[in-house]
Amino acid sequence: MSVRDDIAARMPGGDAGLILAVLATAYLLYVLAGVVLGYDLRGQLNSLATLTFYIGVFAMLSLALNLHWGYTGLFNIGIVGFMAVGVYVMALVSKPTFVAGGAAQVGGLGLPLWVGIIAGMVAAAVLGFVVALPALRLRADYLAIVTIAMSEIVRFSFLSGDLQQFQLFGSKVGFGGGSGLILDFVPPLEALFQSVGLWGVYLGFVDATKVIVPTNPKPVVDGLVYGLLLLTFVTVFFWLLKRTGESPFGRVLKAIREDEDVANALGKDTDRFKIKSFMLGCALMGLAGILWLMPQGAVTPNFFRPRVTFFVWIALIIGGAGSNTGSVLGGATFAALLYQGPRYFQNLVTTVLPNLDSPPGFGQAIGPLISQLDPVPFLLYTIDSIRQLQLVVMGLVLIWLMHNRPEGLLGHRKETASVISLSRPKAAAAATDGGSADGDVQTDGGVDVADNNGGVDDE
Amino acid sequence: IGGGGGGGGPDGLVVIGYPESGIQLFRDYYSASDGSEEILVPDGLRSGSMPGQVGNDMENVTGTAPAAGGPNQETFNQLFQDEYGAAPGVFTSQCYDSVAVQLLANAAAGENSGPAVKDQMRRMANPGGMTVGPDNLIEGMEAAANGDDISYEGASSSVNFDEKGDPAEAAYSIWEFDAENNATTGVDKQSFAGENPDGAGPMADSGPGGSDREISVGILLPETGDLAAVGQPMIQAAQIPVKQVNEANPAGISVNAQIEDTQTSPDAGVSAAQSLVSAGVPSVCGSASSGVNVPVSQQAFIPNEVVGCSPSSTALSVSNLEDNDFIFRTAPSDFLQGRVMAQVMAERLEVSTVSTLFVNNDYGQQLSERFSNVFSDQFDGEVYNQVAFNIGESSYSSVIETALSGPDN
Amino acid sequence: MSVDANRNATSGAGIEDRSDVLLRVRGLDAGYGDLQILTDVDMDVFDGEYVTIVGPNGAGKSTTMKSVFGLTALMGGDIQFKDEDITGRKPENIIHVGVGYVPQNDNIFSALTVEENLEMGAYILDDVPQDAIRAVYDRFPILEERKHQKAGTMSGGQQQMLAMGRALMLDPDLLLLDEPSAGLAPDLVEEMFDKIDEINEAGTAILMVEQNAKEALRRCDRGYVLANGQNRYMDTGTALLEDEQVRQDFLGG
Amino acid sequence: MGIAETYSRGREFAIERPFALVLGVIAAYLLGDLLLGLATGQTQFADIGSLAWDGLMRGLVIGLAGIGLSMTYSILNFANFSHGDYITAGAFSGWSTTYLLAGLGRADIGALMLVGAGGSVYGGTLGIGMLSTPLAVIAGIVVAGGFTILLSLAVDRTIFKPIRDEGGITLLITSIGVAFALRYLMQFVFGSDVRGTTAQPPSVGLYLVDGTVFIDAHDITLLVIASGLMLGVHLLLQRTKLGKAMRAMADNEDLARITGIPTERVVRSTWIIGGGLTGIAGYMFILWKGTLGFNDGWLLLLLIFAAVILGGIGSIYGAITGGLVIGLTASMSVLWIPSAFARAAAFVVMIVILLVKPSGLFSGRSTA
Amino acid sequence: MSDASQPVDDVATKVDEGALGSFASGVQTTEEYPLRVEGLRKSFGGITAVDGATFQVESGSLTGLIGPNGAGKSTTFNLITGMIKPDAGTVTFNGEDITGLDPHEVANRGMVRTFQIARELSEMTVLENMMLAPQRQRGEELWRSVLPGVRNDVREQEEELLERVWEVLDFFDIDHIAEEYAGNLSGGQRKLLEMARALLTDPDMLLLDEPFAGVNPTLEKKLLEHIHELREQGYTFLLVEHDMDLIMNNCEHVIVLHQGRVLTEGTPDDIRSNEEVIEAYLGGNV
Ligand SMILES: Nc1ncnc2c1ncn2[C@@H]1O[C@H](COP(=O)(O)OP(=O)(O)OP(=O)(O)O)[C@@H](O)[C@H]1O
Ligand SMILES: Nc1ncnc2c1ncn2[C@@H]1O[C@H](COP(=O)(O)OP(=O)(O)OP(=O)(O)O)[C@@H](O)[C@H]1O
Ligand SMILES: CC(C)C[C@H](N)C(=O)O
Ligand SMILES: [Mg+2]
Ligand SMILES: [Mg+2]
């Protein structure tokens, strides 16, 4: 029986090819939609930047979740809690100090952005530790409920008036309560390029793009560059998690997922492994949260409702838990089709068929269908409500996947938890050349054991 | 105090919120109290359906709201009535004004470009030139397309923008619920003229104008979510000027209005705004709640140089945005409403001890804060508790209990 | 009498003609999901007979048992019990025709008490037969001592006894036992085999899988050797015990 | 010390003692704080009374809905995240009926059936209430139960049954899908607005030392119906074989089938009992609080989970007790902490119980 | 925490110590009695499963632990290996008090157990199961597995481990199912995997809980031979088993547990003729 059966095997270029193909399809669809919607070049670029942005954040989040669930079997449905802590702590550290009269109600410590980002990740990891310590002893479904409860506690805390503002190191800081925080620090891209001394170069580049986007090209370029930045982060996440999984460390995680007592009896300090894995995942979720909200200009606690967590789960399940490639694909597919898709669909319909007068309520929509078998008002109403139905669609997709393809798009893929291929070494084991470490990124795990009897070094 | 019985609680309550959670809140209030407190609510709760939904006449409730106090209020009311067969709700006139000024500015600018529209906003709204209102919007459009200077006199106010993009003058109506007719009735009105009632701030000296073109405008208001009840009539109102222009086609101008839903949620609002930006609209009427308006302005409007003109976002923080002058609003800042409320509470309702219950967002926090400051500093009142409540809870008994109890609990 | 390794297991002893057949399995192909484990397995149990299946680990012995009880994916063949076709029937229905089954693993309700476990054994009856419980307690006194203990906290051997007891509650015509002596102390192994003899003598036919092959073959009427999901040998117990090839390959010499 | 002597095994033992100590100290502190408040007049008896009553009412709803969740949790072995939306579905179906009966001839039928979507009819205007329109309310209760039974059977049949063997987590994830689909379908049909459903019910003020506690007709209705149903379920499971079959199935499904338990029928009975109670709980919840929105059940779900886990999964007494504890915590915590943390407090209680006694208060004492 | 965090490099260095005996990486037992159990007591609710058991196991011996069902054998194993914590009593291993340590700490000190009911890691292949076992793998430190450069060390070690794994698989005759998921193995195969995996941890002492229950006799014989071989190299075995012939023919020392207490101990012959044992356990049929 083969350990793998998946689409990537039939795909030129393997996993990378598959990811590229999916991305290309998504972009093509969006460009086409833009054409129909009559977007000018600027609009097209904007829409692609937005798409890239969401692909990036969902891919990162589902990669991080894959570490928890796919590798370690930790059923974390408190993702938003870790994202929230990441962003909020980052804001607290990096927002400029308070000056009266500005739009911001409270200030921050005014430290550089990168300090804030690290602080945010550390805070998310620490929260992970706090949750993990007691909760890791619990059954998977209990852990689920504890984590989701924790994420709600985090949200309530940021909402509460008691943390709205306080003094820290002599500055007036706080979490802003229900109003949230205005993220009035240096924009992230500016901070990034300034820190490497390329800000001038970047501005020059932006100026040069005036050829394509004549007026005010900066937000467009910013959006695209930020999107690329996110994709870079996705690559880094991917690389990190793939290495984590394909290693003795990952092997222990896998064993924990299967039967913790056995791993423990074999001498593995399972609690430590679980805590490490959990904290790493939480830090990555914190980072993903930061990258998602950092450029948004403001953050409010109610963004961090549990449904965002479920979005990430849907993304992961679409791609296939246990597989990093799957996580990226799932994130991209989710972002393009389920998250952003319905808006475009609705706009397309209203553009193609303008002046449709959809009925104001379900009653008026369903009435004609019942009394005169006239489906038109109902259809119009349905299209008009596509944004609410978006979540219905997500639910149905999830159900469908669990029924028909619980292993996700990529098929039943079990990435072998080992640095090397586990095939039987040749009697005179081929001298190992050590392999180039960078090669790791491209092959996605467990090259079919049976097909690879020849070499120990598959990388 | 377990409801009205014993002493120790405040004599008055200020409730700042939106209808969706307000229904539950008032229900819980009426089942925990005998209704002896004087209650004052601001604009957010001005919805005629409240008594019906709460199942109580709500006779102890008085309200304030930015008035439709403009010179052309009647005309607008008639327009709305004709179009939708219903009385206009709160902030509808501000919506009309917001869209109307944007259309004029766009016609004057002669191109669908944010910066160009921005430069024309004050030129169209503030005094000087032909006086235009809802009744002669068509002529106004022709004139604007012709490059003429215009002074828009709106339904909600005279619509003169000050240097922050806020209305330079404001009027507030004092209203009560009319349970019989599922409506609210204004019982009084109070006007403020700012330091520069005629407005101030930078504007273009002239407008190129231009005919036979299509004007784009975005409408970004809550169709669903916590402000759905208020938002839906606002969307209707915002569409009236668009229809007017499209029917008459002044100077060959037609309008393409794109409507997006903020779902009363910042993140959904930002995505919706992004999609408007992608579609290339130069200006947007929105968004409604301050909690959404601030992030949307910062993330979508300001960097992309799109004009945002909110009809109802009243929080103080909106004035202070670093906006390169792209953010306007036709609703006055709660800086004023807080004052009006304090005055009504102290003088009209003759209450000297109050607690406030406010929705936990920009709007609620800032208005409660402002009210409390004015009430205690200028009217010698005492504010026992300022209690925040979160939207969408299934029971508010405990917050009400806190609000109704003695000082500082 | 020695048995030819290639001979079809069922062709001997005139088995096809006997009329008192209780369980008849023909051409059984079965497995899990898409994975086929058994190929063309034939097996008979006659009224009151005592049949043992032996074979290496992974041969498919348990799978055969499970297939009779409707717990695997059937891919072919048919199963008859008392002239009734029970192929593909659901387990909860098979118990009604008079078959009892003690699985190899997971054979007790661990969260229920000992007594409740026994009561569950007679679930399909309207009332709990107190005499049946009594009889089980008489056979396994430790169960009575522990009747209010959670079954899951009993020792491995105690659990095995409980599982047997549970299956006896309905006084079945055919009892399927999957390694009943595994994990039992020697006195109990002996006792268990004696009990099985007793049960058998009282008229219940037995189909049993055992790794304690020598003992099992010694006691049974007939034995099957299964390997790689196929019938290899079939003969009387003693004949199999004496067969050099069988001893060498399957009984550890 | 406040913590009952419980026998402990293995690891739990090590953490139980210090925890119990800390908990005891905290409890003593809270009690002291409360007494001090009462003594100085900061806190009033009537406050405590109304909060406790409020908590009791909430607890009954949570407990009633929790029974169903607890049963399916233990028998089908998964945490059903769509349970909250069954509550909402029950509420909408029941209230649609109530509106129809109470408002027939006084308003548009469509508006009534959609429970006044978009503010087309107000429950207050129709004068709905247990005393004013008793028939409409009772019919609503019946329909709420019946509809939710049908719904849960249908969902089980089409969605859960085919993947029943896949394990708890698969089912859990699937149930999240069901929850999304169901919730937003209801939003699609009934709109997203929160509507008031009842006229203000008559109430009596009970004078308590220093103030009044108001108790209204709907509180009493809830009390009577919830306790009646709880008793009913108790008798049903105690007097029939069903209870035992459920426990056997919860324990080892394969073996249950081998012993002849008609597992599918047991599953169906589980959904019928659980669904019925859940639907009625949904209806009563709305009757009690007086408003209805498409999110109501979902918002309640986490509290229900807290209650069920607190009580011990599979135990109906656990669900009821857990419900009361969670309800009271959520309401009464404001005596000590800011009201923004009321829900958080309930979750904290749940987490603490999970640490001290992971199997819940009533572990092992399952359905009957 | 434990010394697991300091990767010890000797794990794979002793790979080629000869064909079958290759599990040895040098048994370090210096004590005469590596395992001493004193006054061990554990009760569950009302039942005292282990009630003051006291015994010791001689270095390099194959010691049998027998007793009626419910005598407390598995519980004793659980107590020794830290799966559950005793109410009273001490466990000493290689001179160190290990009472109440966590299972992994016990395993790290060189004492590994198998489970009476085999517990395999079902969704891992047999190979992965095996690769998991060796102690103190360098790559179990996250940073080593992730950082470029350092990872080559990890790779080298993996390669060495893999060779050993295949040897052991060959020996246990489960090499043909090496790439199968462990969950798909038969009852007996699982037991083999379990024992093979335990041996790979390279312990000083192995506690085997009924390792042969359900194992085919032919294979059983082979395994026993190997256990003897290992024993000669200095490994110590404590074996729970009900098959008296097996115990009598293979163990040099037998401990009889009864109602949580040591009833008697001695050579197989002593035991065989002990009245009490016959009474309590053997039922007169030996
Ligand atoms: N649930 C399952 N899914 C997939 N394969 C299985 C499953 N159960 C058993 N198998 C496979 O079927 C084959 C036969 O298993 P079975 O349990 O019938 O063996 P057995 O003869 O009872 O062996 P043992 O004596 O070890 O119990 C084995 O190769 C095993 O790997
Ligand atoms: N968790 C527990 N709770 C309650 N009683 C238990 C628990 N674990 C074991 N026991 C009881 O302790 C006694 C000893 O059990 P143990 O499993 O150690 O026996 P054993 O000697 O291994 O028997 P066997 O040979 O049958 O496996 C038994 O009576 C058992 O019922
Ligand atoms: C629509 C209004 C009620 C919005 C409110 N004035 C706010 O600023 O949030
Ligand atoms: Mg078997
Ligand atoms: Mg045992």
Side-chain angles (χ1 to χ4, degrees), chain A residues 34 37-40 42-50 53-54 101-105 155-156 159-161 164 176-180 182-184 187 215-216 218-220 222-223 292-293 295-303 305 308 339-340 343-344 346-347 350-351 354 360 384-385 387-388, chain B residues 113-116 223-224 226 232 236 256 258-261 263-268 270-272 274-275 277-280 290-292 294-300 302-306 315-323 358-366 369 386-392:
Chain A
L37 288 173
Y39 286 3
D40 56 7
R42 185 190 180 91
Q44 286 282 14
L45 291 176
N46 248 330
S47 121
L48 293 188
T50 311
F53 177 83
Y54 285 114
Q105 308 290 303
R155 182 166 70 89
F156 294 141
L159 270 173
S160 105
Q164 192 168 336
S179 324
I182 291 183
L183 301 180
D184 47 358
T215 53
N216 187 25
K218 186 147 178 301
V220 180
D222 278 354
W292 183 337
L293 288 147
Q296 302 274 354
V299 54
T300 49
N302 282 335
F303 173 83
R305 288 229 166 91
V308 177
Y339 194 75
Q340 284 282 294
R343 181 195 308 282
Y344 278 83
Q346 188 178 18
N347 286 346
T350 41
T351 309
D384 198 50
S385 320
R387 300 289 300 287
Q388 297 153 41
Chain B
S113 135
E223 228 178 317
T224 54
D226 223 46
Q232 282 161 0
Q236 293 179 329
N256 170 18
Q258 310 223 17
I259 305 176
E260 289 277 352
D261 179 9
Q263 304 174 13
T264 330
S265 125
D267 50 314
V270 170
S271 329
Q274 288 291 8
S275 118
V277 170
S278 297
S290 308
V292 178
V294 171
V296 161
S297 302
Q298 286 205 309
Q299 166 67 359
I302 301 171
N304 286 296
E305 303 190 333
V306 168
L316 280 65
S317 51
V318 175
S319 314
N320 301 333
L321 285 173
E322 270 181 43
D323 61 359
F358 60 92
V359 58
N360 193 355
N361 68 10
D362 259 340
Y363 165 60
Q365 277 178 14
Q366 294 173 15
E369 194 66 26
Q386 293 191 52
V387 187
F389 65 88
N390 294 331
I391 52 181

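In what follows, chains are A, B, ... by sequence order, proteins preceding strands, each numbered from 1. Since we're looking at a predicted model, the values are computed, not measured.
Note on B:Ile302, B:Asp267, B:Val318: by heavy-atom pairs under 4.5 Å with chain A, the leading option is B:Asp267. Taking chain A as the reference chain and counting heavy-atom pairs below 4.5 Å, the highest number among B:Gln386, B:Glu260, B:Gln258 is found for B:Glu260. Options B:Ala268, B:Pro115, B:Pro303, B:Gly114 differ in how many heavy-atom pairs under 4.5 Å they form with chain A, and the most are formed by B:Pro303. Contacts with chain A were tallied for B:Gly392, B:Ala300, B:Ser278, B:Ala272; B:Ser278 has the most, counting heavy-atom pairs under 4.5 Å. Top candidate by heavy-atom pairs under 4.5 Å with chain B, chosen from A:Thr50, A:Leu45, A:Leu37, A:Leu159, is A:Leu159. Looking only at heavy-atom pairs under 4.5 Å with chain A, the residue among B:Ala388, B:Gly280, B:Gly364, B:Ala279 that has the most is B:Ala279.
For the residue pair A:Leu183 and B:Gln298, the shortest heavy atom distance occurs at N-OE1, 4.5 Å. For A:Arg343 against B:Ser271, the heavy-atom pair with the smallest separation is NH2-CB, 3.1 Å. Taking all atoms of both residues into account, the shortest heavy-atom contact from A:Asn347 to B:Ser275 is ND2-OG, 3.8 Å.
Interface remark: B:Glu322 contributes no atoms to any contact with chain A (heavy atom separation under 4.5 Å). Residue A:Asp222: no heavy atom, backbone or side chain, is found under 4.5 Å from chain B. A:Gln164 touches chain B through its side chain: at least one heavy atom from C-beta onward sits under 4.5 Å away, while N, CA, C and O do not. The part of A:Phe156 that comes within reach of chain B is its side chain, from C-beta onward, which places non-hydrogen atoms under 4.5 angstrom from that chain. Interface residue B:Gln366: only side-chain heavy atoms are found under 4.5 Å from chain A. Only the side chain of A:Thr300 comes within contact range of chain B, with heavy atoms under 4.5 Å apart.
Between the side chains of B:Gln365 and A:Ser179, at least one donor N or O sits under 3.5 Å from an acceptor N or O.
Under the 4.5 Å side-chain criterion, counting only non-hydrogen atoms from C-beta, A:Asp384 is in contact with B:Glu223. Taking the side chain as every heavy atom from C-beta outward, B:Asn361 and A:Asn302 never approach each other to under 4.5 Å.
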Set out, in order, the CA-CA distance, both residues' side-chain angles and the distance that settles side-chain contact (heavy atoms from CB on, under 4.5 Å) for B:Asp261 and A:Gln346, then state yes or no.
CA-CA 12 Å; B:Asp261 179 9; A:Gln346 188 178 18; over 6 Å; no
Decide yes or no on side-chain contact (heavy atoms from CB on, under 4.5 Å) for B:Asn304 and A:Asn46, but give the supporting numbers first.
CA-CA 10 Å; B:Asn304 286 296; A:Asn46 248 330; 4.1 Å; yes
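Atom-to-atom distance recorded for B:Gln299:CD and A:Leu293:CG is 9.5 Å, nearest 0.5 angstrom. A distance of 11.5 Å separates CG in B:Asn320 from CG in A:Asp184, rounded to the nearest 0.5 Å.
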